[in-house]
Amino acid sequence: QVQLVESGGGLVQPGGSLRLTCAASGFTFSSYGMGWFRQGPGKEREFVAAIRWSGDITYYAYSVKGRFTISRDNAKNTVYLQMNSLKPEDTALYYCARDLLRRRQGGALREADFGSWGQGTQVTVSS
């Protein structure tokens, strides 16, 4: 079955960096788009970034564009989220997710586009 395991979260000071990792198994990783979502305290889960199955197109929420970078390594069945210039408002539980559709032609950006989720990794940005 599909398994997504996030890691790399932690406590970091404002302006710092973290790299989140999502290890995937149970499916043909190279055929599916992947995404990162987050849910902050008292907030609904929101889209952060996504990468197409082919790896050639990436998508970002406006709030993280220019600071976060999503990438994938199909040989390792892993997707990453490099987070730089972190702000207190980036504090959230970060989830990795797999696209519902195999080799989707367009972009998967909505929560409803994703069908499998990890357990999440906590990121706290605080001085």
Q: Give the C-alpha distance, both sets of side-chain angles, the deciding distance and a yes or no for side chain to side chain contact (heavy atoms under 4.5 Å, CB included) between Arg98 and Phe27.
A: CA-CA 10 Å; Arg98 193 204 79 172; Phe27 63 100; 3.3 Å; yes

Q: Any side-chain heavy-atom pair from Thr121 and Leu20 closer than 4.5 angstrom?
A: yes

Q: When you measure from the centre of the six-membered ring of Tyr94, is the NZ or CZ of Arg38 under 6.0 Å away and within 45° of the axis?
A: no

Q: Determine whether Ile57 and Ile51 make a side-chain contact, defined as any pair of heavy atoms from C-beta on separated by less than 4.5 Å.
A: no

Q: Looking at Glu46, I want to see if its CD is surrounded by more than 12 non-hydrogen atoms of other residues, nucleotides or ligands under 6.0 Å.
A: yes

Q: Are the side chains of Glu111 and Trp117 in contact, using a 4.5 Å heavy-atom criterion?
A: yes

Q: Among Met34, Arg72, Gln105, which one satisfies side-chain contact (heavy atoms from CB on, under 4.5 Å) with Arg52?
A: Gln105

Q: Might you point out which heavy atoms bring Tyr32 and Leu100 nearest each other, and give the distance in Å?
A: CE2-O, 4.1 Å

Q: Quick one, Leu4 and Ser116 - any side-chain contact, counting heavy atoms below 4.5 Å?
A: yes

Q: Minimum heavy-atom separation for Asp73 and Tyr80, please, with both atom names.
A: CB-CE1, 4.1 Å

Q: Less than 6.0 Å separating the ring centroids of Phe68 and Trp36?
A: no

Q: Do you know the tightest heavy-atom contact between Val125 and Thr91?
A: N-OG1, 2.9 Å

Q: Do Ser126 and Pro88 come close enough that some side-chain heavy atom pair is under 4.5 Å?
A: no

Q: May I ask you to test the Tyr60-Val48 pair for a side-chain heavy-atom distance under 4.5 Å?
A: no

Q: Between Lys87 and Asp90, does at least one N-O distance fall below 4.0 Å, as a salt bridge requires?
A: no

Q: So, for Phe37 and Phe114, is the gap between ring centers shorter than 6.0 Å?
A: yes

Q: Between Val79 and Ser71, what is the shortest heavy-atom contact and its length?
A: CG2-O, 3.1 Å

Q: What pair of heavy atoms forms the shortest contact from Gly120 to Glu6, and how long is it?
A: N-OE1, 2.9 Å

Q: Where is the tightest heavy-atom contact between Pro14 and Ser127, given as atom of each residue plus distance?
A: CD-N, 3.7 Å

Q: Are Arg19 and Leu81 packed together at the side-chain level, in the sense that at least one heavy-atom pair is separated by less than 4.5 angstrom?
A: no

Q: Taking the cut-offs as 6.0 angstrom to the six-membered ring centre and 45 degrees off its axis, would you call Arg45 and Tyr95 a cation-pi pair?
A: yes

